[in-house]
Amino acid sequence: MPELPEVETTRRGIAPYLIGRRIIGVTVRNPRLRWPIAPDLASTLCGQRIHAVTRRAKYLLLAADTGQLLLHLGMSGSLRISTPAQAYKKHDHVQWHLEDDIAMRLHDPRRFGCVLWLSGEHSATHPLLAGLGPEPLEDVFDAAYLYHYTRSRIIPIKVLIMQARCVVGVGNIYASESLFMAGIRPGTAAARLSKARCARLVTAIKTVLQAAIAQGGTTLRDFVREDGQHGYFRQQLQVYQRDGQPCHHCHSLIKKAVHGQRASYYCPACQA
Ligand SMILES: [Zn+2]
(Lines give C-alpha, C1' and ligand atoms only; values in the text may rest on other atoms or scores of the structure.)
Protein backbone atom coordinates (compact mmCIF):
# COMPACT_ATOMS: atom_id res chain seq x y z
CA MET A 1 0.00 0.00 0.00
CA PRO A 2 1.45 3.39 -0.89
CA GLU A 3 2.14 5.18 2.37
CA LEU A 4 2.81 8.87 2.98
CA PRO A 5 6.41 8.81 1.67
CA GLU A 6 5.32 7.13 -1.56
CA VAL A 7 2.52 9.66 -2.02
CA GLU A 8 4.88 12.56 -1.31
CA THR A 9 7.42 11.10 -3.72
CA THR A 10 4.67 10.82 -6.32
CA ARG A 11 3.63 14.43 -5.68
CA ARG A 12 7.17 15.66 -6.21
CA GLY A 13 7.50 13.51 -9.31
CA ILE A 14 4.32 14.61 -11.09
CA ALA A 15 4.14 18.27 -10.02
CA PRO A 16 6.66 19.67 -12.54
CA TYR A 17 4.76 18.05 -15.42
CA LEU A 18 1.33 19.28 -14.32
CA ILE A 19 1.73 22.77 -12.87
CA GLY A 20 0.85 25.52 -15.34
CA ARG A 21 -0.44 23.11 -17.99
CA ARG A 22 -3.94 22.88 -19.37
CA ILE A 23 -5.89 19.62 -19.48
CA ILE A 24 -6.76 18.75 -23.07
CA GLY A 25 -8.57 15.48 -22.53
CA VAL A 26 -9.50 12.91 -19.93
CA THR A 27 -9.96 9.24 -20.78
CA VAL A 28 -11.67 7.05 -18.22
CA ARG A 29 -11.09 3.44 -19.21
CA ASN A 30 -12.62 1.99 -16.07
CA PRO A 31 -14.71 4.22 -13.76
CA ARG A 32 -15.12 1.54 -11.08
CA LEU A 33 -12.66 2.60 -8.44
CA ARG A 34 -13.43 2.81 -4.72
CA TRP A 35 -16.18 5.21 -5.73
CA PRO A 36 -17.33 5.44 -9.35
CA ILE A 37 -15.65 8.22 -11.31
CA ALA A 38 -18.20 10.91 -12.19
CA PRO A 39 -19.41 10.51 -15.81
CA ASP A 40 -18.82 14.23 -16.42
CA LEU A 41 -15.21 14.25 -15.17
CA ALA A 42 -13.80 14.78 -18.67
CA SER A 43 -16.16 17.61 -19.58
CA THR A 44 -15.53 19.26 -16.22
CA LEU A 45 -11.75 19.13 -16.48
CA CYS A 46 -11.14 19.84 -20.16
CA GLY A 47 -9.70 23.28 -20.71
CA GLN A 48 -8.77 23.80 -17.06
CA ARG A 49 -5.24 24.61 -16.05
CA ILE A 50 -3.51 22.97 -13.07
CA HIS A 51 -2.11 25.53 -10.66
CA ALA A 52 -0.77 23.47 -7.77
CA VAL A 53 -0.18 19.88 -6.69
CA THR A 54 -0.37 19.45 -2.93
CA ARG A 55 -0.76 16.58 -0.49
CA ARG A 56 -2.93 16.17 2.60
CA ALA A 57 -2.35 12.88 4.43
CA LYS A 58 -2.29 10.36 1.58
CA TYR A 59 -4.53 12.43 -0.70
CA LEU A 60 -3.13 14.35 -3.65
CA LEU A 61 -4.89 17.59 -4.53
CA LEU A 62 -4.59 19.07 -8.00
CA ALA A 63 -5.82 22.65 -7.89
CA ALA A 64 -7.46 23.64 -11.19
CA ASP A 65 -9.40 26.73 -12.33
CA THR A 66 -12.80 25.93 -10.82
CA GLY A 67 -12.04 23.34 -8.16
CA GLN A 68 -9.70 20.61 -7.05
CA LEU A 69 -9.12 17.07 -8.19
CA LEU A 70 -8.65 14.76 -5.23
CA LEU A 71 -6.72 11.55 -5.87
CA HIS A 72 -5.99 8.62 -3.58
CA LEU A 73 -3.82 5.69 -4.58
CA GLY A 74 -5.70 3.18 -2.43
CA MET A 75 -3.97 -0.18 -1.91
CA SER A 76 -2.08 -0.50 -5.16
CA GLY A 77 -2.37 2.71 -7.16
CA SER A 78 0.40 4.61 -8.89
CA LEU A 79 0.57 7.65 -11.13
CA ARG A 80 2.88 7.73 -14.08
CA ILE A 81 3.88 10.42 -16.51
CA SER A 82 4.07 9.32 -20.14
CA THR A 83 2.83 10.48 -23.53
CA PRO A 84 -0.69 10.00 -24.89
CA ALA A 85 0.69 7.80 -27.68
CA GLN A 86 2.15 5.22 -25.32
CA ALA A 87 0.25 1.93 -25.20
CA TYR A 88 -1.95 1.48 -22.17
CA LYS A 89 -1.06 -1.14 -19.61
CA LYS A 90 -3.62 -3.40 -18.05
CA HIS A 91 -5.06 -1.56 -15.02
CA ASP A 92 -4.35 1.91 -16.47
CA HIS A 93 -7.80 3.23 -15.59
CA VAL A 94 -7.58 6.97 -16.18
CA GLN A 95 -5.48 9.20 -18.41
CA TRP A 96 -5.20 12.96 -18.14
CA HIS A 97 -3.88 14.39 -21.40
CA LEU A 98 -2.14 17.72 -20.92
CA GLU A 99 -0.52 20.29 -23.17
CA ASP A 100 2.95 19.58 -24.58
CA ASP A 101 2.20 15.91 -25.29
CA ILE A 102 2.15 14.95 -21.61
CA ALA A 103 -0.09 12.26 -20.19
CA MET A 104 -0.59 11.22 -16.58
CA ARG A 105 -2.02 7.77 -16.01
CA LEU A 106 -3.54 6.17 -12.93
CA HIS A 107 -2.62 2.50 -12.68
CA ASP A 108 -4.47 0.59 -9.96
CA PRO A 109 -4.83 -3.21 -10.12
CA ARG A 110 -6.96 -3.48 -6.98
CA ARG A 111 -9.05 -0.36 -7.68
CA PHE A 112 -9.26 0.95 -4.11
CA GLY A 113 -8.00 4.34 -5.25
CA CYS A 114 -10.26 7.29 -5.93
CA VAL A 115 -10.64 10.21 -8.32
CA LEU A 116 -13.04 12.87 -7.06
CA TRP A 117 -13.76 16.38 -8.30
CA LEU A 118 -14.30 18.98 -5.58
CA SER A 119 -16.09 21.80 -7.31
CA GLY A 120 -15.05 25.19 -5.98
CA GLU A 121 -14.84 23.64 -2.54
CA HIS A 122 -12.24 24.47 -0.02
CA SER A 123 -10.76 21.00 0.32
CA ALA A 124 -10.21 21.19 4.09
CA THR A 125 -13.97 21.00 4.66
CA HIS A 126 -14.48 17.92 2.47
CA PRO A 127 -15.71 14.95 4.55
CA LEU A 128 -12.66 12.86 3.59
CA LEU A 129 -10.27 15.54 4.87
CA ALA A 130 -12.18 17.37 7.61
CA GLY A 131 -11.39 15.02 10.52
CA LEU A 132 -7.70 14.59 9.83
CA GLY A 133 -5.05 15.31 12.45
CA PRO A 134 -1.83 17.23 11.84
CA GLU A 135 0.72 16.40 9.16
CA PRO A 136 3.62 14.50 10.76
CA LEU A 137 6.29 16.62 9.07
CA GLU A 138 4.77 19.97 10.02
CA ASP A 139 5.77 21.87 13.15
CA VAL A 140 2.34 21.55 14.80
CA PHE A 141 3.11 17.86 15.30
CA ASP A 142 5.51 18.25 18.20
CA ALA A 143 6.24 16.75 21.63
CA ALA A 144 3.78 19.02 23.43
CA TYR A 145 1.00 18.04 21.02
CA LEU A 146 1.63 14.29 21.34
CA TYR A 147 2.01 14.48 25.13
CA HIS A 148 -1.27 16.34 25.46
CA TYR A 149 -3.03 14.06 22.97
CA THR A 150 -1.96 10.85 24.70
CA ARG A 151 -2.89 11.84 28.29
CA SER A 152 -6.36 10.30 28.47
CA ARG A 153 -5.76 7.51 25.97
CA ILE A 154 -4.81 4.08 27.24
CA ILE A 155 -4.70 2.28 23.88
CA PRO A 156 -1.31 1.02 22.66
CA ILE A 157 0.84 3.88 21.40
CA LYS A 158 1.30 2.10 18.08
CA VAL A 159 -2.45 1.96 17.51
CA LEU A 160 -2.73 5.64 18.44
CA ILE A 161 -0.07 6.97 16.07
CA MET A 162 -1.70 5.02 13.23
CA GLN A 163 -5.01 6.84 13.81
CA ALA A 164 -5.44 9.74 11.39
CA ARG A 165 -7.14 11.87 14.08
CA CYS A 166 -3.88 11.82 16.06
CA VAL A 167 -1.46 12.27 13.18
CA VAL A 168 -1.90 11.43 9.50
CA GLY A 169 0.18 9.19 7.30
CA VAL A 170 1.90 6.93 9.83
CA GLY A 171 1.22 3.49 8.40
CA ASN A 172 2.18 0.13 9.84
CA ILE A 173 5.76 0.05 8.54
CA TYR A 174 6.59 3.55 9.71
CA ALA A 175 4.85 3.11 13.08
CA SER A 176 6.94 0.01 13.83
CA GLU A 177 10.16 1.61 12.63
CA SER A 178 9.55 4.88 14.52
CA LEU A 179 8.84 3.08 17.78
CA PHE A 180 12.05 1.10 17.37
CA MET A 181 14.02 4.29 16.78
CA ALA A 182 12.41 5.87 19.86
CA GLY A 183 13.03 2.77 22.01
CA ILE A 184 9.34 2.39 22.87
CA ARG A 185 7.46 -0.91 22.82
CA PRO A 186 4.44 -0.78 20.51
CA GLY A 187 2.06 -2.11 23.17
CA THR A 188 2.85 0.64 25.71
CA ALA A 189 -0.30 2.44 26.87
CA ALA A 190 -0.22 5.86 25.19
CA ALA A 191 -1.06 7.73 28.39
CA ARG A 192 1.97 6.26 30.19
CA LEU A 193 4.51 7.91 27.89
CA SER A 194 6.58 10.62 29.54
CA LYS A 195 7.06 13.95 27.81
CA ALA A 196 10.65 12.95 26.99
CA ARG A 197 9.48 9.74 25.34
CA CYS A 198 6.80 11.64 23.39
CA ALA A 199 9.55 13.96 22.16
CA ARG A 200 11.69 11.01 21.09
CA LEU A 201 8.77 9.44 19.26
CA VAL A 202 7.88 12.64 17.41
CA THR A 203 11.48 13.03 16.32
CA ALA A 204 11.61 9.37 15.25
CA ILE A 205 8.41 9.62 13.18
CA LYS A 206 9.71 12.69 11.37
CA THR A 207 13.14 11.12 10.83
CA VAL A 208 11.79 7.81 9.52
CA LEU A 209 9.31 9.47 7.15
CA GLN A 210 11.86 11.99 5.88
CA ALA A 211 14.39 9.23 5.26
CA ALA A 212 11.80 7.26 3.30
CA ILE A 213 10.87 10.32 1.23
CA ALA A 214 14.56 10.98 0.54
CA GLN A 215 14.88 7.41 -0.74
CA GLY A 216 11.83 7.80 -2.93
CA GLY A 217 9.44 5.89 -0.71
CA THR A 218 9.93 2.48 0.87
CA THR A 219 9.31 -0.71 -0.62
CA LEU A 220 6.00 -2.09 -1.36
CA ARG A 221 5.55 -4.59 -4.06
CA ASP A 222 2.75 -2.66 -5.74
CA PHE A 223 4.43 0.67 -5.52
CA VAL A 224 6.00 1.98 -8.68
CA ARG A 225 7.89 5.23 -8.63
CA GLU A 226 6.89 7.93 -11.07
CA ASP A 227 9.81 6.97 -13.28
CA GLY A 228 8.35 3.47 -13.51
CA GLN A 229 10.97 1.76 -11.34
CA HIS A 230 10.08 -0.28 -8.31
CA GLY A 231 11.39 1.17 -5.07
CA TYR A 232 12.93 -1.53 -2.95
CA PHE A 233 14.57 -0.47 0.27
CA ARG A 234 13.34 -3.17 2.60
CA GLN A 235 16.87 -4.11 3.67
CA GLN A 236 17.04 -0.81 5.55
CA LEU A 237 14.08 -1.65 7.78
CA GLN A 238 15.10 -2.39 11.38
CA VAL A 239 12.12 -4.37 12.67
CA TYR A 240 9.25 -4.46 10.18
CA GLN A 241 8.59 -8.08 9.11
CA ARG A 242 11.90 -9.12 10.68
CA ASP A 243 10.42 -11.32 13.44
CA GLY A 244 12.77 -14.14 14.38
CA GLN A 245 15.78 -12.33 12.93
CA PRO A 246 18.50 -10.69 15.05
CA CYS A 247 18.22 -6.99 15.91
CA HIS A 248 20.82 -5.00 13.96
CA HIS A 249 21.79 -3.20 17.20
CA CYS A 250 21.81 -5.86 19.94
CA HIS A 251 21.29 -9.23 18.19
CA SER A 252 18.20 -10.08 20.26
CA LEU A 253 15.55 -11.75 18.13
CA ILE A 254 12.90 -9.38 16.79
CA LYS A 255 9.42 -10.21 18.11
CA LYS A 256 6.01 -9.94 16.53
CA ALA A 257 2.82 -8.98 18.33
CA VAL A 258 -0.65 -7.83 17.27
CA HIS A 259 -2.07 -4.46 18.28
CA GLY A 260 -5.38 -3.24 16.91
CA GLN A 261 -5.53 -6.19 14.49
CA ARG A 262 -2.22 -5.12 12.93
CA ALA A 263 1.12 -6.88 13.23
CA SER A 264 3.76 -5.03 15.24
CA TYR A 265 7.47 -5.81 15.25
CA TYR A 266 9.87 -4.82 18.02
CA CYS A 267 13.15 -5.63 19.70
CA PRO A 268 12.52 -6.84 23.27
CA ALA A 269 15.89 -5.43 24.38
CA CYS A 270 16.10 -2.09 22.57
CA GLN A 271 12.45 -1.17 23.23
CA ALA A 272 11.04 -0.82 26.74
ZN1 LIG B 1 17.78 -4.63 19.78
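Every number for a ligand or one of its atoms is a count from 1 in the order of the listing.
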Next item on the list: Working to the nearest 0.5 Å, report the span between CZ of Arg11 and CD1 of Ile213.
Entry: 9.0 Å
Check: Around the Zn ion (ligand 1), how many protein N, O or S atoms are there at under 2.8 Å?
Finding: 4
Check: Is there a side-chain hydrogen bond (donor to acceptor under 3.5 Å, both in side chains) between Arg105 and Gln95 once you walk through the steps?
Finding: CA-CA 4 Å; Arg105 290 179 182 172; Gln95 169 176 280; 2.7 Å; yes
Give every donor-acceptor pair under 3.5 Å between a side-chain atom in residues 29-42 and any protein atom, sequence neighbours left out.
{"unit_1": "Arg29", "atom_1": "NH1", "unit_2": "Asp92", "atom_2": "O", "d": "2.7"}
{"unit_1": "Asn30", "atom_1": "OD1", "unit_2": "Arg32", "atom_2": "N", "d": "2.9"}

Between side-chain atoms of residues 189-197 and protein atoms elsewhere (two or more places apart, or another chain), which donor-acceptor pairs fall under 3.5 Å?
{"unit_1": "Ser194", "atom_1": "OG", "unit_2": "Arg197", "atom_2": "N", "d": "3.1"}
{"unit_1": "Arg197", "atom_1": "NH2", "unit_2": "Gly183", "atom_2": "O", "d": "3.1"}
{"unit_1": "Arg197", "atom_1": "NH2", "unit_2": "Ala272", "atom_2": "O", "d": "2.6"}

Item checked: Ile50 side, atom CD1; Leu98 side, atom CG - distance, nearest 0.5 Å -> 5.0 Å
Which pairs of donor and acceptor atoms, one on a side chain in residues 158-168, lie under 3.5 Å apart (sequence neighbours left out)?
{"unit_1": "Lys158", "atom_1": "NZ", "unit_2": "Asn172", "atom_2": "OD1", "d": "2.7"}
{"unit_1": "Lys158", "atom_1": "NZ", "unit_2": "Ala263", "atom_2": "O", "d": "3.2"}
{"unit_1": "Lys158", "atom_1": "NZ", "unit_2": "Ser264", "atom_2": "OG", "d": "3.0"}

